[in-house]
Number of protein chains: 2
Amino acid sequence: MSITIKDIASTLGISPSTVSRALNGHPDISEKTRKSVKDLAKKMNYQVNQMASGLRTKRSFTIGVLVPKIASHFFSSALSGIQEVAVANNYQVLICQTNESQNQERKYVKSLLSAKVDGFLISLAKGQKTITHIKAIVDNKVPLVFFDRISDSFNVPKIEAEDFKGAHRAVTHLIDTGCRKIVHLAGPDNLTASYNRMQGYKQALKDKNIPIDEKLIIPCDFDPENAKKAIHRLMGQNGDIDGIFTVNDELGVEAILTLKSMNIKVPDQVSVVGFGDFPICRIVEPNLTSIRHNPYQIGLEAAQCLFSQINHKNIDGGSRRVIPSELVVRDSSKTK
Amino acid sequence: MSITIKDIASTLGISPSTVSRALNGHPDISEKTRKSVKDLAKKMNYQVNQMASGLRTKRSFTIGVLVPKIASHFFSSALSGIQEVAVANNYQVLICQTNESQNQERKYVKSLLSAKVDGFLISLAKGQKTITHIKAIVDNKVPLVFFDRISDSFNVPKIEAEDFKGAHRAVTHLIDTGCRKIVHLAGPDNLTASYNRMQGYKQALKDKNIPIDEKLIIPCDFDPENAKKAIHRLMGQNGDIDGIFTVNDELGVEAILTLKSMNIKVPDQVSVVGFGDFPICRIVEPNLTSIRHNPYQIGLEAAQCLFSQINHKNIDGGSRRVIPSELVVRDSSKTK
DNA sequence: GCAAACACTTCAATCGTTTGAATTAACAAG
DNA sequence: CTTGTTAATTCAAACGATTGAAGTGTTTGC
């Protein structure tokens, strides 16, 4: 059906091994044969069969990426960064969406191991308890890098957003602009990213000598519906809340919309700061102050780190890279 | 390194072929051996080597998907639908982002052909002139389905959004609510989707006996910056514009933001209707009226169509499936 | 003039799985 | 006791590319 190395060999009257070496730039091959082989290959529109080549060389030129959700600003941007690096390395990317399900994640890992991917980039599904499937990757000595949703149970490189510092920065900004009673709409705290943002929130309060009120920390599990309910409840009982810091911009936007629907003025009565600097920050009215944390860069560096392992450049064990973030002040927060 | 069929065979003292047949449920194998093989395989954590198996069977259990951009609501949702179907068929998905570059697209096709994917799902990059790379797919008899960004030059199945009818519906709604001078912020007209939306716009005007003014049709190439400039220009010279229909919601949102910045009241002075029903419709103030067109469903059906080809169920040539859309009226349009 | 060095090229095995055909064993039929 | 049938298993050749080792000539050195 499709052209093979043998077809080229036989039409040229030479052996397949010579063709292979010619195409791969082996120095043993004379300039003359190399040229004729390459010319014919191009003319016949030859493409190596990656399965055959991979079987022999034990390299699939494919990496597997696991993300909880493709349709999100953070992950689709990170995927762009990953793709960029993969292309530069002549690699392909198998993208799998776990839908936050551990079971799905386990299946994908199995199937990617079977596909003999040369490496894994994983952002874990939330609610991780049993992570034996991750162990299978490590046991098979397949390179692995965690990004964003990481686990400390494994000695592999990790690329993270600047969650603690970013959150700290956000909350310090709220305090500096006069907020004293600050709510945190939090994520699932078994995710390091959410956990670290919460810690950043707490530390910022401590640093300014504001007591931490656990009742003001509301786990919302990334669901805007929960954010809405929490705000309705809190604003009813606590008239003096003057700031909200949300674990991501989706909840931040929801917070603004909910407050507006309750006729509470943002930022005059309540300031809101999100996390992520998603495009929606500039759409919501008032524009949402947020922490920019470059998901594209996170994907890019995660992929670079993976390829440095794949290419045996260096195997840095549980190294940890934190991608810097910055505060972007917009209209949802202002000095009171 | 990793467990092979031979390892199982030798520990069990049987031949590799028996192991292979046992694992694949071949009827020739006795219940007894089948069980012992399967048990041992599970115990040793055996995973077939897809490269070896694929080389022999000429099936990679992988499909390739080409999209212009991953980080967009439309495509990431479509990808979710595709993934869903792929998983159900025990397939993997190689996702490639062409970044609207034909050159990148060409490279990806080459590389996916080399990876011997069993099928292609393609949403073309804009500005298609030379599509010889697509011909290579057809020539290699690899199943292919176009979705959303389609080309009529090939006799392959196509899955589209209801572009013409949806646009027609949107513009009819504008006219019905009293708009007479309606601007269309259009996409690149070499994309069937944009082209059809423009045609829907025109037809709706015709149907209501409103003359088409070509000066009110502004190609924006999906770039919000162009939308902003166009609105500034048009609203300056044409005081009587009372409606805007945009090729997608991103431009619709930009239109609202621009009009607001010019102190033009939406919807009182100018109504705006977008296309896509992206989540941002409910964030922008006023909420954007739009056409809902279910990208998840488009991805799903495109994948289903591809798999029916892969599994030789039916090879429906240039069939065309249009996924229904619906008008979602929000606050950016109202009866004047 | 013979061996050694060199430049290419081919041979043949291999990667792990699949599969048509051959083999073996067990048993029934004549 | 031979033959035929069936069931279960093994043999061996693929699939297409890669690669160490062996094989060609040709040239160089002494």
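Letters A, B, ... mirror the listed sequences (proteins, then strands); counts begin at 1.
The CG-P distance, from B:N49 to C:dT14, rounds to 17 Å in whole Å. Rounding to whole angstrom units, CD1 of residue B:I5 and P of C:dT19 are separated by 11 Å. If you take NZ of A:K35 and P of C:dC8, they are 17 Å apart, rounded to a whole angstrom. Between B:I8 atom CD1 and C:dT17 atom C1' there is a gap of 12 Å when expressed in whole angstrom units. For B:I14 and D:dT10, the CD1 to P distance is 6 Å, given to the nearest whole Å. If you measure from atom CG of A:L12 to atom C1' of C:dT10, you get 15 Å, rounded to the nearest angstrom. With rounding to whole Å, A:L55 atom CG is found 12 Å from D:dT19 atom P.
Contact annotation: B:S15 does not reach the phosphate of D:dT9 (side-chain N/O to OP1 or OP2, under 4.0 Å). The phosphate of C:dT17 (OP1 or OP2) has no side-chain N or O of B:S53 nearer than 4.0 angstrom. Residue A:Y46 has no polar side-chain atom (N or O) positioned under 4.0 Å from OP1 or OP2 of D:dG16.
The nearest heavy atom of DNA chain D to A:Q47 and to B:R34 marks one nucleotide each, and the one closer to the 5' end goes with B:R34.
Residue side chain B:R56 does not reach the base of C:dT17 through any donor-acceptor N/O pair under 3.5 Å, judged by distance alone. One donor-acceptor pair, N or O on each side, does fall under 3.5 Å between the base of C:dC11 and the side chain of A:S17.
A heavy atom closer than 4.0 Å to some atom of DNA chain C occurs in B:S20, B:R21, B:N24, these being the qualifying members of residues 20-33 of chain B.
Side-chain atoms of A:T62 come within 3.5 Å of backbone N or O of A:S60 as a donor-acceptor pair. The backbone N or O of A:I70 lies less than 3.5 Å from a partner atom in the side chain of A:Q97, making a donor-acceptor pair.
There is no side-chain donor-acceptor pair under 3.5 Å between B:S151 and B:K158. In summary, the side chains of A:D118 and A:Y91 do present a donor paired with an acceptor at a separation below 3.5 Å, with no hydrogens or angles considered.
Across all strands, B:T4 comes closer than 4.0 Å only to sugar-phosphate atoms, never to a base (heavy-atom distances). Counting any heavy atom pair closer than 4.0 Å across all strands shown, A:V19 reaches no nucleic acid atom. Using a 4.0 Å heavy-atom criterion, one finds that A:K58 contacts the sugar-phosphate atoms exclusively.
A 4.5 Å side-chain heavy-atom check between B:E301 and B:F147 finds every atom pair outside the cut-off. The closest side-chain heavy-atom distance from A:R106 to A:T132 is below 4.5 Å.
Here the nucleotide nearest the side chain of A:K6, chosen from D:dC15, C:dC15, C:dT17, is D:dC15.
Of the listed residues (A:K126, A:R149, A:K69), just one forms a side-chain hydrogen bond (donor to acceptor under 3.5 Å, both in side chains) with A:E100, and that residue is A:R149.
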